[in-house]
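Just so it is clear: chains get the letters A, B, ... in the order the sequence lines come, proteins before strands, and each one is counted from 1.
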There are 4 protein chains.
Amino acid sequence: MADALAKLGHRTCAALREPSLGPCFGIKGGGTGGGESQLSPSDDINLHFTGDFHAITAAHNLLSAAIDNHLHFSSDLDLESRKVSWPRVLDVNDRALRNVVVGLGGKTFGMPRQGSFDITAASEVMAMLCLADDAEDLRVRIDRTLVGFNRKGEPVSAGQIGATGAMLALLRDAVHPNLVQTKYGTPAVVHGGPFANIAHGCNSVIATKMAMHFADWVVTEAGFGFDLGAEKFFDIKCRSAGLKTAAVVIVATIRALKMHGGKGLKELSPPDVESVQRGIVNLEKHIESAKLLGQRPIVAINRFTDDTDGEIAAVEAWCASQEVPFAACEHFARGPDGAIDLANKVVEVAQQGEPVGNTVYPLDASVPDKIDAVARGIYGAKGVAFTGQARKDLAQIEALGYANLPICVAKTQSSLSDNPALRGRPSDFEITVRNVQINAGAGFLVVLTGDVLRMPGLPRKPQYANVDLVDGTIKGLR
Amino acid sequence: MADALAKLGHRTCAALREPSLGPCFGIKGGGTGGGESQLSPSDDINLHFTGDFHAITAAHNLLSAAIDNHLHFSSDLDLESRKVSWPRVLDVNDRALRNVVVGLGGKTFGMPRQGSFDITAASEVMAMLCLADDAEDLRVRIDRTLVGFNRKGEPVSAGQIGATGAMLALLRDAVHPNLVQTKYGTPAVVHGGPFANIAHGCNSVIATKMAMHFADWVVTEAGFGFDLGAEKFFDIKCRSAGLKTAAVVIVATIRALKMHGGKGLKELSPPDVESVQRGIVNLEKHIESAKLLGQRPIVAINRFTDDTDGEIAAVEAWCASQEVPFAACEHFARGPDGAIDLANKVVEVAQQGEPVGNTVYPLDASVPDKIDAVARGIYGAKGVAFTGQARKDLAQIEALGYANLPICVAKTQSSLSDNPALRGRPSDFEITVRNVQINAGAGFLVVLTGDVLRMPGLPRKPQYANVDLVDGTIKGLR
Amino acid sequence: MADALAKLGHRTCAALREPSLGPCFGIKGGGTGGGESQLSPSDDINLHFTGDFHAITAAHNLLSAAIDNHLHFSSDLDLESRKVSWPRVLDVNDRALRNVVVGLGGKTFGMPRQGSFDITAASEVMAMLCLADDAEDLRVRIDRTLVGFNRKGEPVSAGQIGATGAMLALLRDAVHPNLVQTKYGTPAVVHGGPFANIAHGCNSVIATKMAMHFADWVVTEAGFGFDLGAEKFFDIKCRSAGLKTAAVVIVATIRALKMHGGKGLKELSPPDVESVQRGIVNLEKHIESAKLLGQRPIVAINRFTDDTDGEIAAVEAWCASQEVPFAACEHFARGPDGAIDLANKVVEVAQQGEPVGNTVYPLDASVPDKIDAVARGIYGAKGVAFTGQARKDLAQIEALGYANLPICVAKTQSSLSDNPALRGRPSDFEITVRNVQINAGAGFLVVLTGDVLRMPGLPRKPQYANVDLVDGTIKGLR
Amino acid sequence: MADALAKLGHRTCAALREPSLGPCFGIKGGGTGGGESQLSPSDDINLHFTGDFHAITAAHNLLSAAIDNHLHFSSDLDLESRKVSWPRVLDVNDRALRNVVVGLGGKTFGMPRQGSFDITAASEVMAMLCLADDAEDLRVRIDRTLVGFNRKGEPVSAGQIGATGAMLALLRDAVHPNLVQTKYGTPAVVHGGPFANIAHGCNSVIATKMAMHFADWVVTEAGFGFDLGAEKFFDIKCRSAGLKTAAVVIVATIRALKMHGGKGLKELSPPDVESVQRGIVNLEKHIESAKLLGQRPIVAINRFTDDTDGEIAAVEAWCASQEVPFAACEHFARGPDGAIDLANKVVEVAQQGEPVGNTVYPLDASVPDKIDAVARGIYGAKGVAFTGQARKDLAQIEALGYANLPICVAKTQSSLSDNPALRGRPSDFEITVRNVQINAGAGFLVVLTGDVLRMPGLPRKPQYANVDLVDGTIKGLR
């Protein structure tokens with residue numbers, strides 16, 4: 001779309017997330033787009049790029065090592081080893097690191113305790129960096145990060161650990177955005193890559209603002225569907241950074257609509273207009289949610305080879321009936337030309353009014369009310385249930401003074417509900433909140449509605465087996 | 001010295017090791033020299049530099065994750081979880097990671113087993129990269145690396161794990177040397193940084209050869225004293241790469257000579273010619289060792305502020321009596337000028353004969369004979385004792401066909417013997433070998449003569465507390 | 001009551017559970033009754049008694065050691081270490097043993113894996129011994145016990161481990177019941193002591209039958225309230241052993257009725273007839289449940305010092321209104337005389353009809369139907385919800401052929417529901433089943449409705465601190 | 001021998017150790033003798049006997065649970081979790097319990113730390129009970145037992161933990177000796193069974209004294225050879241209890257002499273007088289050691305079926321040449337008659353003088369001097385070497401005031417030296433002390449000269465597989 005806007009003569013810049021090394025070698029593969037719609041140099045971006053992820057890994061783990069050093073020397077902080085919540089991170093898919101015991105080997109080898117490794121994208125340092133205004137704001141965020149409790153039960157912050165300066169030194173260059181371009185020469189600021197479940201899933205505020213500084217049109221993304229990606233984009237990123245949006249594009253695929261229409265993963269290829277039509281209820285909810293936020297949504301179908309004209313037409317017809325602008329896109333195959341229609345619609349919509357910056361809930365609402373607002377307003381739930389643990393967490397959040405933070409709901413991306421099996425537009429369901437975690441540095445509360453893995457595993461047949469270096473060129477990385 | 005050679009008009013290039021992040025924030029501080037004798041840009045070199053260490057970390061840990069993935073899925077390799085010897089690595093000082101249990105949490109979270117994290121400098125990938133001729137040689141080395149055994153007791157190599165290609169992709173840029181310069185503009189190729197105890201402690205062969213390609217004079221280093229650094233430099237690096245040396249500079253300090261003369265760490269400042277003279281026996285042995293290798297050693301005193309002229313003169317006089325060239329250096333304070341005398345001596349010595357490439361032992365000697373040759377010839381021991389475990393290791397090395405590899409002895413750097421308390425030039429001592437490890441990829445056998453930590457810890461008052469980022473500039477990193 | 005029946009001239013014998021060592025030194029204290037209603041010699045019974053618990057511990061752990069030995073030697077059973085479900089046991093309150101990692105230290109020290117220790121009362125060997133007809137039946141039960149799965153996913157039984165004979169040797173004497181007497185000389189067979197949540201909570205079948213062989217009247221007990229204790233007594237023990245009951249005594253206390261009437265733990269002492277009356281709805285449900293099972297319940301109030309005549313009268317009046325026989329008992333203070341009224345009522349009721357052996361559900365009902373029958377019929381729930389894990393467990397139970405076993409529900413004893421906070425007679429609640437475990441040897445399915453600890457912990461001020469040996473006599477054990 | 005003394009008309013009683021359950025099901029089998037020289041009822045003695053081992057297990061583990069409870073609640077003792085040295089115990093061969101991590105699962109599940117399980121025979125409670133004069137002395141011993149250190153580095157005793165009284169209650173009956181008889185009706189007091197390496201390997205002092213009270217002749221044993229068993233018997237048990245011996249019988253076998261004469265384990269059956277004669281040097285050292293202690297040794301050959309008259313005659317002839325009384329014994333085959341000759345010799349020797357109570361070293365010697373005295377005097381070493389760890393341990397022992405305790409050397413039983421491969425009578429060897437542990441309750445210092453396993457493992461084909469219960473009778477237990 002950025003390429004298409006540029007082709008239309010607009011000064012355009014994309015603002016996008018950096019890929020993580022882990023998935024490159026696991027299931028998913030690289031993260032720079034594909035076909036005629038791709039960032040360049042894609043191998044470099046997919047692998048170490050400018051070292052931002054490595055710097056975040058290093059800064060994160062320096063804090064981890066410093067925490068264990070406090071435990072080892074029984075420092076004045078009097079940390080309770082069983083209440084340290086700051087993990088370690090590595091940018092690799094490695095399930096064996098999800099649950100570990102560290103500090104074994106005797107008195108000179110640290111304090112034994114249970115720990116864990118998350119993938120770097122799930123590091124709170126990543127989320128902080130992506131929401132920070134600048135290096136000094138990042139310092140404030142690191143300092144205030146909650147890393148555990150002392151033996152009296154009082155909270156301990158990263159600032160008390162004393163490694164903030166060194167972490168900032170390690171992040172000196174990582175806070176700066178990285179400028180690359182698309183295959184068609186449109187500039188793209190690629191910076192930051194937080195998880196889209198336990199974090200907010202958007203590129204950095206610094207990158208978005210830099211793009212806005214140089215271009216008239218900035219195209220950015222929000223990870224996962226409108227229920228997860230957009231809600232966090234508006235409630236967390238835009239609110240925090242004071243951003244407004246001129247237009248919202250909801251991207252759908254015929255395949256996904258078929259799944260929401262009841263088809264299984266292996267039944268998606270044959271033409272099936274009826275399933276598409278049945279699945280449109282899912283899209284309908286996302287459109288309603290966008291409108292709820294005062295946005296003017298445009299629906300874009302990202303066309304796949306298997307998609308038939310009939311299926312596309314069915315979506316177009318439905319959109320027309322709802323008076324929602326629609327465009328079918330073929331940028332993968334055709335580059336900028338494949339998204340010209342979409343770009344025109346976007347410009348048209350954007351010029352209909354002022355940019356909008358609404359949110360789903362006010363920050364001074366209670367945490368349960370915020371969750372309720374998202375659950376009812378965006379997921380279409382009839383209510384929210386809290387487990388005993390979640391209730392304990394909420395009480396602690398209140399007591400520690402974190403109740404005014406926005407929420408970041410970790411929910412399955414496979415359903416509007418918290419049950420991955422419920423496709424389409426489920427109704428009459430409750431969202432069950434299992435626990436609520438404080439990300440004081442990032443500045444949000446992670447609301448967990450299911451088991452969320454913060455470290456992926458490798459599949460039985462991993463992607464890494466296909467990758468090689470041939471005459472200095474990387475092959476097999478997609 | 002490189003600066004001084006350059007000042008003398010010689011086309012000179014230094015070939016040096018890259019610093020590790022861990023010590024920067026731990027005890028030791030940065031690794032780019034100091035004063036007027038320093039690499040530039042030093043902060044960048046000390047921190048992420050060109051990302052080589054991060055790439056090595058990533059490649060190393062991808063192999064680790066792949067190994068645990070084989071265990072998790074009980075793959076055809078039928079790996080014995082208790083016989084996996086490939087660790088994980090992180091470039092941080094973190095004692096709590098020395099001994100860990102990974103894979104906890106149930107059947108979907110990997111296979112429980114004891115594991116460990118080494119610092120990245122101790123990664124066998126680092127040693128491989130430093131000894132490799134090029135990327136293809138690195139591929140061969142990775143493929144042949146021994147990572148464990150299957151349940152039948154047969155060796156399993158990294159090649160069987162199937163991640164070599166992906167590792168090479170991750171190392172694509174890291175195999176290329178990094179060109180920087182000294183404060184005085186002398187070019188320096190800074191590349192690779194293996195441990196000097198469990199590895200060979202020299203910058204990469206690729207870097208040394210590149211420097212030799214462009215310059216007439218190449219100044220390089222070998223970590224720790226002549227007994228450890230130089231022996232490995234000649235027996236491992238030079239033998240493997242076909243390198244010869246024109247001159248050998250043995251660097252001494254008045255402080256170290258005092259320690260070998262019987263003084264304690266806190267008694268080194270007051271002038272004390274007698275202790276210096278008593279400690280010279282240690283220097284004497286290093287000179288003898290150099291001559292044993294056919295080298296023409298020059299003694300250089302790296303002058304510290306506290307050193308008196310009388311102390312310097314004592315060393316100079318002794319060197320004269322032995323007909324060994326001598327130079328006192330003040331490059332820290334005076335830059336190139338401070339090492340002009342040394343540079344002149346080096347040129348003089350180098351022009352006296354052809355470069356030499358002798359080794360302490362032939363590769364086809366038995367492993368115990370190789371160890372014996374180093375222990376007697378270089379350490380001055382009267383013999384070598386092997387523990388039961390070491391004998392078992394030797395039998396396995398023989399059985400698996402690794403007996404023809406060179407040895408890499410891990411010994412304390414505080415003494416010529418394996419007892420750190422024995423200063424000066426001890427005699428009538430035996431070296432006790434505790435175990436012998438196979439580094440098939442690096443291509444050497446690690447001979448352990450004591451407890452060697454492969455992962456440093458942070459001290460009670462760590463260096464990281466002094467580091468900060470002020471207006472975009474890093475402060476406190478030394 | 002047994003003492004009172006004996007005093008009335010009936011040939012009477014009690015059949016009771018053995019106490020566990022753990023609680024003796026933890027919170028609860030000893031388990032031989034108290035005051036004038038006590039077993040003798042109580043210290044011996046409370047501590048090692050005849051060694052039955054120790055024998056069960058030894059037999060259980062021999063099987064555990066044998067399983068880890070199969071893992072260690074990678075035996076033909078090809079056990080999957082992560083799917084071993086047989087724990088270890090110790091007769092002590094030790095929370096640190098709840099979750100452990102065993103097999104650390106290297107290849108000769110076993111296979112690393114996560115394990116756990118339960119208290120001996122929670123051993124499946126205990127449950128087996130208590131339900132076995134004789135030593136040969138115990139052999140059959142041990143042999144069929146499910147201890148884990150192999151790497152192909154097939155079940156592995158204790159019989160395949162090969163230690164059954166040795167376990168039976170260790171249990172040779174433990175299968176024989178232990179004859180003691182009350183303070184008033186009434187014989188009591190004290191044998192077996194399984195947990196009342198994850199097991200069925202009754203003394204051994206062998207003991208009950210031996211008591212029935214020698215006496216005309218046998219008084220036995222079922223752990224926890226009628227909802228847990230009696231249901232399991234009828235559905236598991238009586239069904240399996242072919243036992244019928246002549247009369248059922250439901251024991252209540254004024255304190256418990258007050259709690260069900262809304263009072264807190266610290267508000268139970270002051271007289272409060274209204275709270276007692278409000279709490280009677282809980283007793284009412286137990287009486288209905290007894291009648292549902294065809295039983296003729298008698299209500300007995302176990303009178304405490306604080307209880308007022310008015311409170312007792314309130315219960316008596318209510319019972320009269322329901323035509324349920326009632327007796328207030330003071331055996332703690334008055335011995336046999338204190339229970340004469342109850343004994344007379346029991347005899348009267350028993351003579352009104354034949355013994356009854358009804359159950360709540362037939363064995364050939366589906367597992368969900370069995371759970372539903374108990375939840376609706378005995379707890380008064382409106383239905384049962386199953387978590388995803390529970391559904392997986394049920395599918396596996398079906399596939400492995402265990403669907404015809406009776407169920408053993410682990411539920412809080414503080415409420416008729418699975419929410420400990422719901423007192424009185426809750427309605428409009430669902431029971432949530434979290435998982436279902438197969439106890440193939442004991443012959444039941446453990447249906448878990450919450451977190452059940454199988455190993456107690458010591459409190460901050462443990463009971464053990466009060467115990468001492470003074471001149472050969474044990475003091476402070478209550 | 002006791003049977004033979006009884007047959008000669010002497011009032012005789014044996015005082016022996018109780019067997020451990022672990023070996024019964026592992027490699028070694030039962031421990032009640034065999035053939036015509038056996039204790040009765042052997043199955044009962046081999047299995048639970050009177051529950052002494054179980055009581056020790058329970059008392060030991062109560063202390064363990066109490067220690068972890070102090071850690072869990074961060075009690076005033078401020079225990080350092082990494083310096084707790086009190087293990088747990090189980091009477092089973094289970095290598096997977098040698099090294100464990102306990103306290104996992106979160107804040108309510110104890111404090112994570114590395115722990116271990118020893119076999120019950122290795123419990124310090126066992127050693128204490130065996131050396132105690134009575135229950136009150138046992139109380140003193142438990143109270144003073146060193147269980148760890150606090151975070152300031154100060155020692156913490158079991159008395160501070162607060163469970164001594166409860167432990168004594170659990171041990172109330174276990175302190176009383178158990179009276180059984182031999183197959184021929186000679187009384188035997190069987191009580192206590194400490195390890196013979198890390199403990200002193202003798203039955204209880206209480207049992208020995210009780211036997212001495214009732215009988216004129218008491219036959220007792222000391223585990224392992226004269227170098228380990230007898231030295232500890234005299235230096236630890238006899239010194240502590242004020243016992244003297246009337247005669248010492250050194251038991252040898254032709255098979256053992258052949259091994260010391262150079263034969264391998266599978267070459268011992270064929271007649272071989274020369275090997276026997278070569279091996280006699282080992283016996284010679286034991287005789288010299290006995291004489292060094294002022295004892296009058298008698299040599300007894302425990303005759304095996306394979307032994308030839310010629311081999312026996314060779315030993316007899318050598319003994320005659322040394323004027324050492326000699327007897328060949330056949331009690332296994334012939335009962336009392338088989339040991340009549342020995343009994344006569346014993347009586348004869350005993351009547352030659354007064355009982356003797358010498359020791360190898362005085363208690364007020366320094367610990368290194370004590371070790372030196374045993375190494376030179378009893379093992380025939382030329383000296384003792386201490387590792388760095390051992391030196392640290394000695395310094396701590398001195399600082400904590402334990403230097404006046406007797407030593408308990410843990411050394412291989414296969415050689416007079418600490419190298420199991422050195423048979424016969426080695427000379428010119430040093431004993432290497434690896435570390436020295438404080439058993440403050442038992443009242444000795446454990447001097448470790450090698451890796452000593454405190455928990456046996458099961459072999460690939462364990463003994464338990466042969467055991468069964470047939471018609472109430474145990475089969476296969478030997």
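For a residue to count as touching a neighbouring chain, one of its non-hydrogen atoms must lie under 4.5 Å from one of that chain's; by this rule D:Leu458 touches chain C with backbone and side chain alike. With a 4.5 angstrom heavy-atom cutoff, C:His54 touches chain D via backbone and side-chain atoms both. Only the side chain of D:Arg139 comes within contact range of chain C, with heavy atoms under 4.5 Å apart. Contact annotation for C:Leu71: neither backbone nor side-chain heavy atoms come within less than 4.5 Å of a heavy atom of chain D. For chain D, no part of C:Pro112 is nearby; none of its heavy atoms comes within less than 4.5 Å. Heavy atoms closer than 4.5 Å to chain D are found in the side chain of C:Phe117, but not in its backbone. With a 4.5 angstrom heavy-atom cutoff, C:Ala58 touches chain D only via side-chain atoms. If you measure heavy-atom distances from C:Leu90 to chain D, the contacts under 4.5 Å come from the side chain alone. Heavy-atom distances place the side chain of D:Glu136, and not its backbone, under 4.5 Å from chain C.
For the residue pair D:Arg172 and C:Asp43, the shortest heavy atom distance occurs at NH1-CB, 4.5 Å. Across all non-hydrogen atoms, the minimal contact from C:Phe25 to D:Leu62 is CB-CD1, 3.9 Å.
Residues D:Leu47 and C:Asp173 form no side-chain contact, since every pair of their non-hydrogen atoms from C-beta on lies 4.5 Å or further apart. Under the 4.5 Å side-chain criterion, counting only non-hydrogen atoms from C-beta, D:Tyr464 is not in contact with C:Leu63. The shortest distance between side-chain heavy atoms of C:Phe109 and D:Val100 does not fall below 4.5 Å. In this structure the side chain of D:Leu469 never reaches within 4.5 angstrom of the side chain of C:Met167, judged on heavy atoms. You'll find the side chain of D:Arg88 reaches within 4.5 Å of the side chain of C:Asp94, heavy atoms only. Under the 4.5 Å side-chain criterion, counting only non-hydrogen atoms from C-beta, C:His60 is not in contact with D:Val92.
Comparing C:Arg98, C:Arg460, C:Lys475 by how many heavy-atom pairs each has under 4.5 Å with chain D, the most go to C:Arg460. No other option in D:His72, D:Met111, D:Arg113, D:Gln114 has as many heavy-atom pairs under 4.5 Å with chain C as D:His72. Of the listed residues D:Ala169, D:Gly476, D:Gly110, the one with more heavy-atom pairs under 4.5 angstrom with chain C than any other is D:Ala169. Contact tally against chain D (heavy-atom pairs below 4.5 Å) for C:Ile474, C:Val102, C:Asn69: the top residue is C:Asn69. Ranked by heavy-atom pairs under 4.5 Å with chain D, the list C:Asn61, C:Asp68, C:Leu97, C:Asp44 is led by C:Leu97. Annotation: maximal heavy-atom pairing with chain C below 4.5 Å, among D:Ala66, D:Gly106, D:Pro462, occurs at D:Ala66. Here C:Ala55 is the residue among C:Gly457, C:Ser116, C:Ala55, C:Cys24 with the most heavy-atom pairs under 4.5 Å with chain D. Ranked by heavy-atom pairs under 4.5 Å with chain D, the list C:Ala135, C:Pro459, C:Gly105 is led by C:Pro459. Considering only heavy-atom pairs separated by less than 4.5 Å from chain D, the leading option among C:Asp91, C:Asn93, C:Thr108 is C:Thr108. Per-residue heavy-atom pair counts under 4.5 Å with chain C were compared for D:Leu170, D:Ile161, D:Val175, and the maximum is reached by D:Leu170.
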